[in-house]
Amino acid sequence: MSTRIAFLKGHGTENDFVIVPDPENAIDLPPAAVAALCDRRAGIGGDGLLHVVRSEAHPEARHMAAEAEWFMDYRNGDGSIAEMCGNGVRVFARYLQRAGHTTEGDLAVATRGGVKRVHIAKDGDVTVGMGRALLPEGDVTVSVGERSWPARNVNMGNPHAVAFVDDLSHAGDLLSPPPFSPAAAYPDGVNVEFVVDRGPRHVALRVHERGAGETRSCGTGACAVAVATARRDGADPAATGAPATYTVDVPGGTLVITERPDGEIEMTGPAVIVAEGEIDADWLAAAAAV
């Protein structure tokens with residue numbers, strides 16, 4: 001057995017990931033091992049981990065194998081499992097292109113949030129079909145210190161609370177999850193976006209990602225923000241019959257989000273592979289045993 005395990009490092013608008021290619025799902029990656037790999041001082045460092053597995057080799061994805069050859073087994077930086085990661089899907093697609101598993105053009109990727117349609121453009125940007133947003137009813141409030149704001153509940157396959165604020169500094173340090181109420185709105189926790197206006201159909205955000213803390217970007221969060229902003233602006237594509245496109249600035253760059261009249265949402269942005277190397281298998285086994 002090899003004593004080394006291949007990995008790559010990539011990012012999408014500085015939302016960064018450890019990538020572990022494992023087509024046959026042969027590498028054991030318990031939460032402790034994932035957290036160790038994502039540790040920025042003692043490991044490789046990343047907001048999350050992209051475990052690259054053939055759909056037919058993973059029990060959670062086997063039912064999607066006819067539609068998508070590859071499954072993005074995504075983990076948060078703390079080792080917990082997440083349903084979806086929009087920036088992660090773009091980086092996942094870029095890895096598949098680099099490894100020769102796909103080329104420019106269209107691609108299907110299996111995720112816990114369903115099969116996502118991806119387009120790799122010649123200019124390097126990657127567009128991901130993010131599905132439809134769900135807008136659960138009920139009032140939600142998020143707080144930071146003495147301040148609190150009403151938030152829009154948006155589900156993009158994972159839960160989001162979108163709060164419009166006067167200044168992004170009001171989000172505080174985002175080291176710990178911002179309190180929210182009612183607790184029943186998000187029984188498994190929530191990603192919280194704080195949003196300011198930058199211009200017509202142009203907003204900026206800061207985000208606390210569930211299981212990761214503040215990140216430089218959140219793809220599903222940018223989609224949730226675009227949907228919440230469109231509803232605030234009275235630009236519901238299902239009602240107007242016209243697509244709504246928003247530019248969303250994140251700390252790590254810019255994403256372009258379009259919601260179509262049929263409800264489908266597309267996210268376009270960069271995806272970059274920055275390094276590749278090997279993980280020491282003995283170190284990983286020790287980390288997994290913690």
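None of the values given here were measured: they were computed from a predicted structure.
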task = For the pair Phe17 and Phe92, evaluate side-chain contact (heavy atoms from CB on, under 4.5 Å) and give the outcome as yes or no after the intermediate values.
result = CA-CA 9 Å; Phe17 308 96; Phe92 189 92; over 6 Å; no
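- The aromatic rings of Phe180 and Tyr186 stand perpendicular to each other, their planes meeting at an angle above 60°, with 30° marking the opposite boundary.
- Each of Arg132, Arg201, Arg231 was compared with Glu259 under the salt bridge (Lys or Arg N to Asp or Glu O under 4.0 Å) criterion, and only Arg231 meets it.
- With a 4.5 Å cut-off on side-chain heavy atoms, Asp22 and Ile5 do not count as touching.
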Could you please spell out the steps behind the side-chain contact (heavy atoms from CB on, under 4.5 Å) verdict for Leu29 and Leu37?
CA-CA 10 Å; Leu29 289 171; Leu37 287 167; 4.2 Å; yes
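- Val52 and Val91 fall within the same hydrophobic cluster, defined by Ile, Leu, Val, Met, Phe, Trp and Tyr side-chain heavy atoms under 4.5 Å apart, directly or through other members.
- Asp73 places none of its side-chain heavy atoms less than 4.5 Å from the side chain of Leu49.
- Side-chain atoms of Asp249 and His202 form a donor-acceptor pair, as typed in the model, at a separation below 3.5 Å.
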Inset, instruction - With side-chain contact (heavy atoms from CB on, under 4.5 Å) as the test, would you mind laying out the steps for His160 and Val225 before giving the verdict? - result: CA-CA 9 Å; His160 296 268; Val225 164; over 6 Å; no
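- Salt-bridge formation is not detected for the pair Arg152/Glu193: no Lys NZ or Arg NE/NH1/NH2 atom is positioned less than 4.0 Å from an Asp or Glu carboxylate oxygen.
- Residues Thr102 and Glu69 have side chains not in contact (no heavy-atom distance under 4.5 Å, counting atoms from C-beta outward).
- Side-chain contact between Asp233 and Tyr246 is present, with heavy atoms from C-beta onward closer than 4.5 Å.
- Side-chain contact between Val142 and Pro179 is absent, with no heavy atoms from C-beta onward closer than 4.5 Å.
- Atom-to-atom distance recorded for Phe71:CZ and Arg112:CZ is 4.0 Å, nearest 0.5 angstrom.
- Note: Asp125 CG to Arg90 CZ = 8.0 Å, rounded to the nearest 0.5 Å.
- The residues Asp166 and Arg147 are annotated as not salt-bridged, no charged nitrogen and carboxylate oxygen being separated by less than 4.0 angstrom.
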Taking it one step at a time, do Ile19 and Ile273 satisfy side-chain contact (heavy atoms from CB on, under 4.5 Å)?
CA-CA 9 Å; Ile19 305 163; Ile273 303 295; 3.6 Å; yes
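- The CZ atom of Arg94 lies 6.0 Å from the CD1 atom of Ile120; values are rounded to the nearest 0.5 Å.
- The minimum heavy-atom distance between Pro178 and Val144, with the atom names listed, is CB-CG2, 4.5 Å.
- Among the candidates His58, His51, His101, the single residue satisfying the ring-ring contact (aromatic ring centres under 6.0 Å, His included) test with Trp70 is His101.
- Between Leu135 and Val154, some side-chain heavy-atom pair lies under the 4.5 Å cut-off.
- Of all heavy-atom pairs between Ala108 and Ala68, the closest is O-CB, 3.6 Å.
- The two residues Pro237 and Ala235 make their nearest non-hydrogen contact at CD-O, 3.1 Å.
- The pair Asp47-Arg40 meets the salt-bridge criterion, since a charged nitrogen lies less than 4.0 angstrom from a carboxylate oxygen.
- The shortest heavy-atom contact between Thr258 and Pro243 is CG2-CB, 4.1 Å.
- Residues Val248 and Leu205 form a side-chain contact, since some pair of their non-hydrogen atoms from C-beta on lies under 4.5 Å apart.
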task = Take Arg117 and Asp106, measure what salt bridge (Lys or Arg N to Asp or Glu O under 4.0 Å) needs, and give me the verdict at the end.
result = CA-CA 7 Å; Arg117 306 296 170 182; Asp106 296 329; over 6 Å; no
